[in-house]
Asker: 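Pasting a structure below so you can have a look.
So that the names make sense, note that chain A is the first sequence line, chain B the second, and so on, each numbered from 1.
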Amino acid sequence: MDKENIQEFIAKRVAQELHDGDVVNLGIGLPTLVANYVPHDKAVMFQSENGFVGLGPTPTEEQFDPYITNAGGKPVTIKKGGIFFDSATSFGIIRGGHVDLTVLGALQVDAKGNIANYMIPGKMVPGMGGAMDLISGAKKVIVAMEHTAKGSMKILKECSLPLTAANEVNLIVTEMGVIEVTEKGLVLVEINPEFSVEQVQDLTEPELIVSEDLKPMEVE
Amino acid sequence: MDKENIQEFIAKRVAQELHDGDVVNLGIGLPTLVANYVPHDKAVMFQSENGFVGLGPTPTEEQFDPYITNAGGKPVTIKKGGIFFDSATSFGIIRGGHVDLTVLGALQVDAKGNIANYMIPGKMVPGMGGAMDLISGAKKVIVAMEHTAKGSMKILKECSLPLTAANEVNLIVTEMGVIEVTEKGLVLVEINPEFSVEQVQDLTEPELIVSEDLKPMEVE
Amino acid sequence: MNKLISIEEAIDKIKDGDVLMIGGFLSVGAPLTLIDKLVEKGTKNLTLICNDSGFVDSGVGKLVVNKQFSKVIASHIGTNKETGRQMMAGETEVILTPQGTLAEQVRCACYGLGGFLTRTGVGTAVQEGKDVIEVDGVKYLLEKPLHADFALIFAQKADKYGNLVYHGAAQNFNSVMAGAATTTIVEVLEYSEEALNPDVAETPGVFVDYIVKRGA
Amino acid sequence: MNKLISIEEAIDKIKDGDVLMIGGFLSVGAPLTLIDKLVEKGTKNLTLICNDSGFVDSGVGKLVVNKQFSKVIASHIGTNKETGRQMMAGETEVILTPQGTLAEQVRCACYGLGGFLTRTGVGTAVQEGKDVIEVDGVKYLLEKPLHADFALIFAQKADKYGNLVYHGAAQNFNSVMAGAATTTIVEVLEYSEEALNPDVAETPGVFVDYIVKRGA
């Protein structure tokens with residue numbers, strides 16, 4: 001799979017985690033793609049941390065409104081049933097557990113469910129934006145990312161970069177498999193049939209617990 | 001003066017404390033009367049703790065709306081420029097110092113600016129409603145009350161009833177005079193010409209400091 | 001996701017012993033039909049979180065008279081003599097809370113906050129049993145969130161997504177309680193299949209689980 | 001009480017060393033005319049409290065490029081490389097704050113609260129130097145209010161009383177900052193001598209000191 005196919009594959013698999021009625025926040029980058037694969041029988045509302053629920057697709061020229069943008073500042077639309085609100089309410093929704101699911105990328109995740117995705121000291125310090133709030137507040141946190149970064153491992157025994165949040169990640173979805181974060185450690189619950197368990201383990205620092213019920217990772 | 005005249009006299013004197021542009025909250029009872037004597041050259045907005053700014057007079061039959069009531073549950077109107085909001089915002093306005101002046105009655109006030117006006121243990125326990133917030137939050141707190149209750153003193157060395165707030169009262173206006181609460185104690189700054197300083201002192205437990213600039217208490 | 005249910009379905013969800021937030025201010029803006037149905041049903045041993053305890057013949061006061069609460073958390077109970085009687089007689093536990101503190105405690109539950117610091121109540125009986133925290137030389141009480149099983153609220157209008165708008169002083173605690181309990185049920189005067197204007201809607205539908213129509 | 005003033009009068013109120021809250025999210029809903037005038041005036045040594053530091057050529061980013069801030073408090077500075085450069089070079093102090101914490105800190109200043117407890121940031125660098133308070137077995141950070149001399153905000157429309165309404169995602173931090181500073185100045189697209197509908201107006205005029213018209 002090339003990079004584009006990998007991202008599509010991951011996004012499609014994450015989309016299977018959506019339930020009817022869910023309120024979902026998608027981080028920038030790969031997670032954004034998840035919106036393209038919402039199952040047709042499921043009504044999902046996307047939350048945008050800059051202040052609304054009901055995030056819709058890019059506007060046509062006619063629909064364009066300079067004051068309707070996503071958290072990346074890009075023009076979007078608002079769906080029927082959506083609502084605008086201020087930043088305090090937006091993070092009340094996020095922190096109060098009213099977001100069912102957040103999907104984010106990561107620089108590193110570890111066996112304890114820690115996640116680092118907001119800075120590389122001395123190199124890149126963009127700030128955490130709403131990521132810390134989302135990870136601490138959402139009912140379920142999914143990390144969606146490529147399994148490695150140019151060959152180096154991203155799923156570690158312990159994150160070395162500054163944490164965005166401690167012990168909050170629930171699920172890790174990569175092109176190699178689906179990993180649940182449990183109190184006992186990382187459990188490989190699905191595997192991409194293109195890879196063997198050994199291959200996944202070789203690119204994952206902590207020891208994986210292989211689920212007794214290990215399934216193939218399938219997307220349509 | 002009979003009771004009605006006393007109340008009118010006190011309310012008129014309190015109204016002199018209003019400034020153009022002030023946001024004011026009036027407690028129930030005597031303080032409510034202050035609204036009748038707002039100087040014509042001063043634009044004052046009244047805040048109602050049940051959720052609006054712009055409290056207006058009792059509605060005519062045509063104006064009546066069951067959902068526009070004051071904090072006592074009585075039908076009122078909203079003036080032009082008024083706005084409705086929720087209880088959290090209402091108390092944000094109160095606690096955040098956005099109310100310039102609150103006028104309340106009291107069971108007791110003391111030399112330290114303590115006030116008791118929400119319960120008599122074992123007898124009357126209505127609850128504090130918004131009074132604690134108003135007294136702690138408003139920029140200026142005026143106690144407007146009759147100087148005594150059936151002959152017994154209400155301005156005391158130390159309140160004996162449970163406090164509504166500690167050290168928050170700025171000014172006491174009664175039918176006998178106007179008393180400022182200062183760090184040195186209670187300063188009599190105005191006196192009703194019908195009384196002598198001795199008469200006021202006799203009905204006031206803590207020793208009054210008589211202002212060098214003592215003025216007659218006058219209303220139109 | 002159909003949020004519109006009948007009053008009966010709504011009230012059947014509430015069990016003996018549940019904690020209820022109920023909107024309204026001296027019965028103005030209270031969910032009157034839900035309250036009447038709850039009186040009829042007779043669910044017992046409830047805890048009430050409300051601005052006040054209404055009047056003996058209106059609003060939550062009817063539930064007080066019907067002895068359905070074992071505990072009442074309110075800022076004011078003076079308009080309903082039965083609440084005071086039950087408190088004095090030791091029949092009902094009553095916790096009196098400053099109105100602004102009550103509003104923020106409810107909001108904290110909705111917003112996932114662990115509490116807040118307020119000057120209100122410092123040096124009074126409200127301080128008893130609470131942590132006093134000094135910030136920049138000023139003393140504050142640490143007040144904690146109030147959680148509940150149900151928020152029963154009232155709004156002027158809901159769309160089918162649960163977005164709400166309010167009218168007049170009927171908003172009071174209603175929009176603060178929306179989303180603050182495990183389950184939020186709103187009673188509305190008007191229900192619309194059409195979505196409300198997203199600039200004008202006040203309470204996000206994500207805070208609202210069920211909608212019932214007044215009198216339905 | 002005339003709240004409508006000129007952009008020049010507004011900007012002349014701001015002095016070197018003042019602390020400014022500025023609304024907007026990646027320049028969307030920022031008070032652009034006020035910002036441009038402030039760049040022109042060149043007021044120095046300011047502190048910025050804002051969601052982000054905009055872009056080098058738009059919003060508060062222009063003030064960053066013009067080196068008018070000695071301190072920046074924001075949740076995100078990644079869209080303006082100059083902010084990062086100034087931080088790395090030690091020219092500007094930058095405090096990165098989670099977005100939700102920033103919003104609540106601003107609200108606390110407006111609402112007269114001494115702080116709040118949040119789970120956000122527990123176990124991260126954000127925790128450093130802060131009190132960790134445990135409530136019912138959960139750890140929270142105690143976050144304190146952010147105070148400012150001026151809040152420069154943007155709204156769709158103001159009436160002469162200062163009541164405001166917003167449109168779309170331009171609301172963001174604007175309505176939170178209204179009333180949170182000693183002086184609040186709002187830039188609006190539309191100004192009305194007629195009062196707004198009291199059910200529809202979003203920000204109470206009591207939070208707004210001055211109004212300026214965009215481009216005026």
Side-chain angles (χ1 to χ4, degrees), chain C residues 29 98-101 103-122 129-147 155-157 164-172 174-176 189-190 196-204, chain D residues 29 98-101 103-122 129-147 155-157 164-172 174-176 189-190 196-204:
Chain C
Q99 207 168 110
T101 295
E104 285 292 318
Q105 286 181 300
V106 169
R107 179 184 182 269
C108 275
C110 179
Y111 277 48
L113 301 175
F116 63 95
L117 302 184
T118 180
R119 286 178 55 239
T120 299
V122 170
K130 290 175 188 161
D131 290 333
V132 178
I133 294 181
E134 202 166 309
V135 176
D136 299 334
V138 180
K139 283 182 184 166
Y140 295 93
L141 300 189
L142 172 61
E143 296 281 4
K144 297 175 185 175
L146 278 175
H147 296 282
Q156 184 72 16
K157 186 172 179 177
L164 308 177
V165 288
Y166 304 89
H167 166 61
Q171 182 168 357
N172 54 67
N174 287 300
S175 56
V176 187
L189 290 185
E190 301 168 60
L196 288 167
N197 176 340
D199 277 338
V200 172
E202 293 173 82
T203 292
Chain D
Q99 205 168 112
T101 295
E104 285 292 319
Q105 287 181 299
V106 169
R107 179 183 182 272
C108 275
C110 179
Y111 277 48
L113 301 174
F116 63 95
L117 302 184
T118 180
R119 286 178 55 240
T120 299
V122 170
K130 289 173 187 162
D131 291 334
V132 179
I133 294 182
E134 202 166 309
V135 177
D136 299 333
V138 180
K139 283 181 184 166
Y140 296 93
L141 301 189
L142 171 60
E143 297 280 5
K144 296 175 184 174
L146 278 175
H147 296 284
Q156 184 71 18
K157 187 172 178 178
L164 308 178
V165 288
Y166 304 89
H167 166 60
Q171 183 168 356
N172 55 66
N174 288 302
S175 56
V176 187
L189 291 185
E190 301 167 61
L196 288 167
N197 176 337
D199 276 338
V200 172
E202 294 174 79
T203 293

Asker: With distance as the sole test, does Glu202(C) use its side chain to make a donor-acceptor pair with the main-chain N or O of Leu164(C) at under 3.5 Å?
Answerer: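 No; zero donor-acceptor contacts below 3.5 Å.
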Asker: Between Leu141(D) and chain C, which part of the residue has a heavy atom less than 4.5 Å away: side chain, backbone, both or neither?
Answerer: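 When you check distances to chain C, no heavy atom of Leu141(D) falls under 4.5 Å.
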Asker: Side-chain polar contacts of residues 129-136 of chain C - donor-acceptor pairs under 3.5 angstrom, sequence neighbours left out - could you list them?
Answerer:
unit_1, atom_1, unit_2, atom_2, d
Lys130(C), NZ, Val126(C), O, 3.1
Lys130(C), NZ, Glu143(C), OE1, 3.2
Lys130(C), NZ, Glu143(C), OE2, 3.1

Asker: Chain D heavy atoms under 4.5 Å from Gln156(C): which part of the residue, side chain, backbone, both or neither?
Answerer: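 Contact with chain D is absent: no heavy atom of Gln156(C) under 4.5 Å.
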Asker: Restricting to side chain to side chain donor-acceptor pair (under 3.5 Å), what partner residues turn up for Gln171(C), sequence neighbours left out?
Answerer: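 Gln171(C) satisfies side chain to side chain donor-acceptor pair (under 3.5 Å) with Ser175(C) once adjacent residues are dropped.
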Asker: Report which part of Tyr140(C) has an atom under 4.5 Å of a heavy atom belonging to chain D: side chain, backbone, both, or neither.
Answerer: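 It is the side chain, since no backbone atom gets that close.
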Asker: Quick check for you: among Arg119(D), Glu104(D), His167(D), Arg107(D), which has the greatest number of heavy-atom pairs under 4.5 Å with chain C?
Answerer: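 The residue among Arg119(D), Glu104(D), His167(D), Arg107(D) with the greatest pair count is Arg107(D).
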Asker: Could you tell me if the side chain of Thr203(C) sits less than 4.5 Å from the side chain of Asn174(C), heavy atoms only?
Answerer: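 Asn174(C) vs Thr203(C): side chains apart.
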